[in-house]
Amino acid sequence: MPKFAFQKFANISVKYKEYKNLSYPKLADEVLDFWKENTIFEQSVHVREGNPSFTFFEGPPSANGAPGIHHVMARTIKDIFCRYKTLRGFQVKRKGGWDTHGLPIELQVEKELGITKEDIGTKISIEEYNAKCRQTVMKFTDQWNDLTEKMGYWVDLEDPYITYENNYIESLWSLLKKLYDKNLLYKGYTIQPYSPAAGTGLSSHELNMPGTYKEVKDTTIVAMFKVKTPENYTVFKALAQEDIRILAWTTTPWTLPANSALTVGASIDYVVVKTFNPYTYAPVHVVLAKVLLGKYFSEKGKDGDFEGFADSDKKVLPWQVVAECKGRDLEGVEYEQLMPYVQPKTPAFRVILGDFVTTEDGTGVVHTSPTFGADDFRVAQANGIPPIMVQDENGKDVPIVDRQGRFVAEIGEFGGRYVKPEYYSVEEQADPAFRPTDVLIAIKLKEEGKAFKVEKYEHPYPHCWRTDKPVLYYPLDSWFIRTTAMKERLVALNKTINWQPESTGTGRFGNWLENLVDWNLSRSRYWGTPLPIWRSESGEEVCIGSVAELQEACRTANEQFQAKIEAGEIEWQEYLSKNEVFLQASQSEKMDLHRPFVDEIFLMSANGNLLKRETDLIDVWFDSGAMPYAQWHYPFENHDIFNHSYPADFISEGVDQTRGWFFTLHAIAGMLFDSVAFKNVVSTGLVLDKNGNKMSKRLGNAVDPFQTLGTYGPDATRWYMITNAEPWDNLKFNLEGIGEVQRKFFGTLFNTYNFYALYANLDGFTPDATARIPHDQLSELDRWILSKLNTLIKETGEQYENYNPTKAGRLIQDFVCDQLSNWHVRLSRRRFWTGSSGSGTLTPDKQAAYETLQQCLLVVSQLMSPIAPFFGEWLYKNLTDHSRQIPVDGSQAYPHVSVHLTDWHQVEYEQIDTDLEESMQLAQDISSLVHSLRKGHKIKVRQPLSKILIPVLNPKTRRQIERVVPIVLSEVNIKTVEFVQDDSGILKKKIKPNFKALGPKFGSKMKQVAAAISAMNEADIQVLETTNEFALSLADSENPAYITLHEVEILAEDVPGWLVASEGGLTVALDMTITDELRQEGIARDFVNRIQNLRKESGFDVTDKIQISLQDDDATLTDAINSQLAYICQEVQAVGLDLVPDMNGTAVQIEMDEFLLKVKVEVVA
RNA sequence: GGGCUUGUAGCUCAGGUGGUUAGAGCGCUACACUGAUAAUGUAGAGGUCCGUGGUUCGAGUCCACGCAGGCCCA
C-alpha cells in the first residue's frame, strides 16, 4: 500500500463502522457488489487449490419456468454445505447445469404455437419444432441467474452443463452403448394405453386430459373357471367329485381369450358355494370372496331346496356355503383354459396372489391377462405366468388383438372382429343384426355353461382425446434397462450411502430398490436425447456409442449403398444422399444429434440389410442421472477431472426426486461403474404456504422469491427456512416468521456489534493478538462466554458435519441471543463505559471485555456464514476491515478480505470449562429466583438488599456458586450471599423418590415404595443420610424395603422464617430488610437513573461532563444524595452537584417515587 | 390401494436408550428495567402430547389398529 494511503487511514479516528439503522436487503446488495468486484467466489475455490476436494453435483433445474421460493430453500441447503466444506479447507467446485429436455418443454412450445402433437410433421416440421424447444428451454435463464445471485447461491454458471448439447448427448450414447454391450439394454414391451383408432400410444398426461374418461355401459361377464383335479388341493378335497368353478368378473370380455391366470388376495376370505348354473341349471360349486356373497345370492335361496330346484320356476337359486378359506390357500390351484384358442408356450392357468385385488366389486378374483393389463403383466411376470401370444409373419410374438383393435385369425369365430363396437363404422353399428364382440363372447360362454352372470355395467373408461374412441391397454414395444439384473448390487451400494434423513434411504428408496422393475427408457417424443440404436426389420441391430462411431458406420454404409447403386439399384441413392448430409454437418458446428437429423442416417447390417434408427427418445431422467459423466463429456475428455470428482461427496434435492434423479444417478453408477454416485444426500421436504397448503400459481398462494428477498434480504430468508424446520420436514412458509428471525436474531446480533463498535471507537480499541490479556487472567464471566463459544464451535461443526443445518443454526442463534447478548453483554455493559476512555490506556478488565466480545462476534460471523453468507460477511468485514488498512509485517491477524476465505476456527478445548458453564447456569437460576422474589414483594432491582441465603447440601454446588457470587450480586443488586450448610440445623428437607433408580429394583411395588418415601420425616431422612440405608415398611409386605441414598433425591426447599423460592432443586432465601443506609443507596440509584434519562433526553454526548443543580426541598432526598455524592457524580459523569434552595423555575421537574425532583443539568465545556 | 412421512400451547418448534410437575420462542395479559431502547427482565393465562386398544409398577416416548395432512407410486 502506498505511503500516503497509510497516513490517510492512520488519521481516521473512527475505525469500526457504526450504523443507525440497517437495511438487510441493502447490506446484501453491498456485499454482493464486493463479492463481484473481488471475485470472492472464484477465490474461495482457487485458494483451496491442492487441498482435498469435496465434490458436489448440481441437480439441473429446468429454466423453462420461473424459479419459486422452494428453489431458494433447496439451493440454500446445497450452498450451506459447500460453503462449510470450503471453510474446512476443501476445494469445492460447483458446476452448474441445466435440464433442457422433456415433456414439459414440448407442452409449453405446443401451447405457445397453438398446435398439438398431431401437427408435428404436418403443420410444423420436427426441425422447426425442436428449434422452438431449444429457444424456449432457456427462456427464464436470466431470472434464474438473478435469483442465484441475489440469494447468495454460489455455483459456477459461467460454464454450466446443458443437456441438449452434442457433447452431452454423445456422453449419454457412450453410456447406453456400455449398457448395451453388457446386455443390460433390451427391447421388450409394457402395457400402455393405446388407441387403435389413432394407431398410437398415449402418455399418462394425455390420459389425464379433461373429458378423456367417460361413463360407458359395458357388457360384463362373471366367468366360471373350472378347477382341474380338485382332489389335489386341501381346500377342495372333500368336494373331489364336484364341478368346482372359480368366479372372476371382467368389464372387458374381449380379454378372456387371453386369460392365463387368476389372481386372489392372500388375506381375503373366500367361500365355496354349492349351487346351480343360472343359465344351464347344472349343479355346480363356485368360489368367490366371502363378503361378496350377497352380490350374487339372495337371502331367500340360502340353504334352499336343492332337490326341488329342477321343478321350480328357477327364479331363486338355492345355495349353501360348503367350505371356506383364505386367498393364500388357493394359490397354485390349476384350472382349465376358458377359451382355448391359443396355447401358451409354458404352463399357465393357475391361481396366483396379487396385492391389487379388492373386494369392492366383482368376485374378489381377478381375471388376469398379461397382454392387456398393467397389473396383470406385473403379477404374471412375478409368478412366471406366460402371456397368450401368437406369431406374426416374421415369427415375432404378438398379442391376440392386432394394432387395429381386431382379434387375430387364430381366435376362431371371432378372428378379424374389432374388440370394441366403437371401432366399427357408424353404419355397421346401426345394422339391427350388429352385436358387439363382448356380447358374442357372453352368449358363447352362457351356452357353454361358463358364465355365471352377464350384465351391463356403467363405469368410467378412458378414451382417446383425438378420436374419441375407447383406449385399450395394450403391449407396446419399449426399450428397457435391465435394472433388475443388478438389483442386489444396487441394494448393497445403497447401504453405503449416508441419507439424511435416514428413513428416505432405508424406506422410500430402499423399498423402491427392493421392488425394482426394469427401467422403461423409451419415450415417443421429439425433443430429447435420441436412442442410438439402428435396427433392421428382421431384428438385426447396432448400438452407437459415439459420434465417431456413427460417422464410421455411416461411411461404411455409404460404400455399400454406392456398390448397390452401381449395380443398378438406384433406390439406395436416397439413403446415400441423406448420409452425406450428416457426414458433412458432422465436420462442422452444424451437427445436431437431435431428431430429425439422426433419423436421416441409415446404416447397413453385416448381412446387407438396411438399419433404421429406432425412433424412440430416452427418458429425460437418464439425461440428469448421467450428469456425473456427461457434464465433463466423459469418457471422451476430462478423465482427470472426472476421476477426481467422482463419486460426489454431497448432493441434495427434494424428496420427490427419490425415484427420479436419486435413482437414475444410483442406477447408472451402480450398473456401469459398480460405484455409488453420491456418498451423502440430503433430501428436502416441500415448501408449503403458511396454512400448510401446497403453493400454486393457480391458488395465488405462491410466494414470489424476488419480492421476499427484496423485502427481508437473503440472510433472514435463508436463516428462517433453515432454522424453522429440519430440511426434510415440510416447511410452512410464513413471511412473518422471516420478520421474527430478522428482529430476534439479526437484530440482536446487529445491536451487539453496534454496541461493541460504539465503545471500541471511543477507546480506539483494536485487538492485538500479541498483547491479549492471558486467558487465565480473565474474569469468570469472560472465561465462561469463551467456554460457551468453544463449545459452540465444536457442536456447530458436528451438526454441519452431520448435514443438519437446522441444529447448527439453532445453536448459533441460542448462543447469540441468550448467552452472548442477554447475559455476557448485559452484565458487561458497565465494563465498557467505566475505566479509561479517550486517554489511550485501557484497564485490563476493559481490554478483556473488548477482546472477549470481539472474539465472540468474529467466531459467530464465521459459524453463521454458511447459512447467512451476506450478514456473516458484513459482520466479519466490519470487525476486521480496518486492521487490513494498516500495513503490517506480513503477520496480519485477519489477512482474509472475506469470511468465506477463512479457515474454520479450531476448538480450543482448554478453554472449555464445563464446571464453569454449570456455575453460570446456577448464577442465572439464582438470579432468576431473586428477581422472582423481588417481583413478588414489589421491591425494585434498584433498591439494594443486604443478603440472600442459599442452602447447599453438597460441597460441589457450594463451590460452583462461589465462583460466580460477584456476578449474582451485581445482577440482582444484593450485598452478600450466605450459604446455609446441612449442619446449620435450620434447613427443612424434602425427600423425593428417584424412580429411575428404584424402578428396576422394586418393579410392581413401586407405588408403595414411592408413597413410603414421601411419608418419611426429618428424622427418617437423617437416618438415611448417616447410615446410607433406610428400611421402609410396606403395607402389604412383612419384609421391609431397603433403600439407599442414591435412590432418592434430598432437597432443601425451605428456610423457616425466610422468604423462599425454589426451582429444580435450587433454593434461595431473601432478606427483605431495608435499612436506612440501603434506602439511601436505593434513592441514589434512582436519582442516577433520572439524571441519565435527562442526559439522554437533552441529547448530550456519552462523553459529556455535566454540572447538576438540584432544588433542596426534601431532607430524605438530600441526605441520601449527600451520602452517595461521589457515587452519583461518577455514574453520571458530573463534575459537581449543587443543592440550591430555589431553582426559580429554571429546573425540570421529574417524578421519582415519592419525590418530585426539581433539577437542572448543564454540559461543562 | 401400496410405500414413506408428519401430528406436542393460539402459531412455529424442542422433547438420547420409557421415570411420575411435558418445555422454548413468538403472540396475549400484568408489572418492572432503561448509557443495546422498534431491545430486555419477571410473573400469569394457555396442553384430552391426533384417537382407541395393548405391553409395563410407570407411556408424549414402545407395540397394534385407526384418523387427518403431505410426498411418491399404482
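In what follows, chains are A, B, ... by sequence order, proteins preceding strands, each numbered from 1.
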For residues 742-751 of chain A, tabulate all N or O donor-acceptor pairs below 3.5 Å that involve a side-chain atom, not counting sequence neighbours.
{"unit_1": "A:Gln742", "atom_1": "NE2", "unit_2": "A:Tyr712", "atom_2": "O", "d": "3.1"}
{"unit_1": "A:Thr748", "atom_1": "OG1", "unit_2": "A:Lys744", "atom_2": "O", "d": "2.4"}
{"unit_1": "A:Asn751", "atom_1": "ND2", "unit_2": "A:Gly747", "atom_2": "O", "d": "3.4"}

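For A:Asp925, the salt bridge (Lys or Arg N to Asp or Glu O under 4.0 Å) criterion is met by no residue, not counting sequence neighbours. With sequence neighbours excluded, the residues satisfying side-chain hydrogen bond (donor to acceptor under 3.5 Å, both in side chains) with A:Arg378 are A:Asp375. Considering only residues two or more places apart in sequence or on other chains, A:Glu798 meets the salt bridge (Lys or Arg N to Asp or Glu O under 4.0 Å) condition with A:Lys794. In this structure, the ring-ring contact (aromatic ring centres under 6.0 Å, His included) partners of A:His71, at least two apart in sequence or on a different chain, are A:Trp144. Shown here are the salt bridge (Lys or Arg N to Asp or Glu O under 4.0 Å) partners of A:Glu795, two or more places apart in sequence or in another chain: there are none. Residues meeting the side-chain contact (heavy atoms from CB on, under 4.5 Å) test with A:Phe663, sequence neighbours left out: A:Thr483, A:Phe509, A:Trp512, A:Leu513, A:Leu516, A:Trp519, A:Ala667. Every residue meeting the ring-ring contact (aromatic ring centres under 6.0 Å, His included) condition with A:Phe755, not counting sequence neighbours, appears here in chain and number order: A:Tyr759, A:Phe832.
Note on residues 807-819 of chain A: pairs passing side chain to side chain donor-acceptor pair (under 3.5 Å), not counting sequence neighbours, are A:Trp719-A:Gln813.
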Counting primed atoms plus P, OP1 and OP2 as sugar-phosphate and everything else as base, spell out the protein contacts along nucleotides 7-15 of chain B at 4.0 Å heavy-atom distance: B, S or - for each nucleotide, 5' to 3'. -----SSS-
Pairs: protein N or O with nucleotides 28-32 of chain B N or O, under 3.5 Å:
{"unit_1": "B:rC31", "atom_1": "O2'", "unit_2": "A:Lys935", "atom_2": "NZ", "d": "3.4"}

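Within 4.0 Å of A:Ser503, counting heavy atoms only, lie sugar-phosphate atoms of the nucleic acid but no base atom. Looking at heavy-atom distances under 4.0 Å, A:Asp375 makes contact with sugar-phosphate atoms alone, never a base. Residue A:Arg829 is classed as a base contact, given a heavy-atom separation below 4.0 Å to a base. Residue contacts shown for A:Gln1092 include a base, since a base heavy atom lies under 4.0 Å away.
Contacts between residues 818-825 of chain A and RNA chain B, defined by a heavy-atom separation below 4.0 Å, involve A:Ser821, A:Asn822, A:Val825, listed by number.
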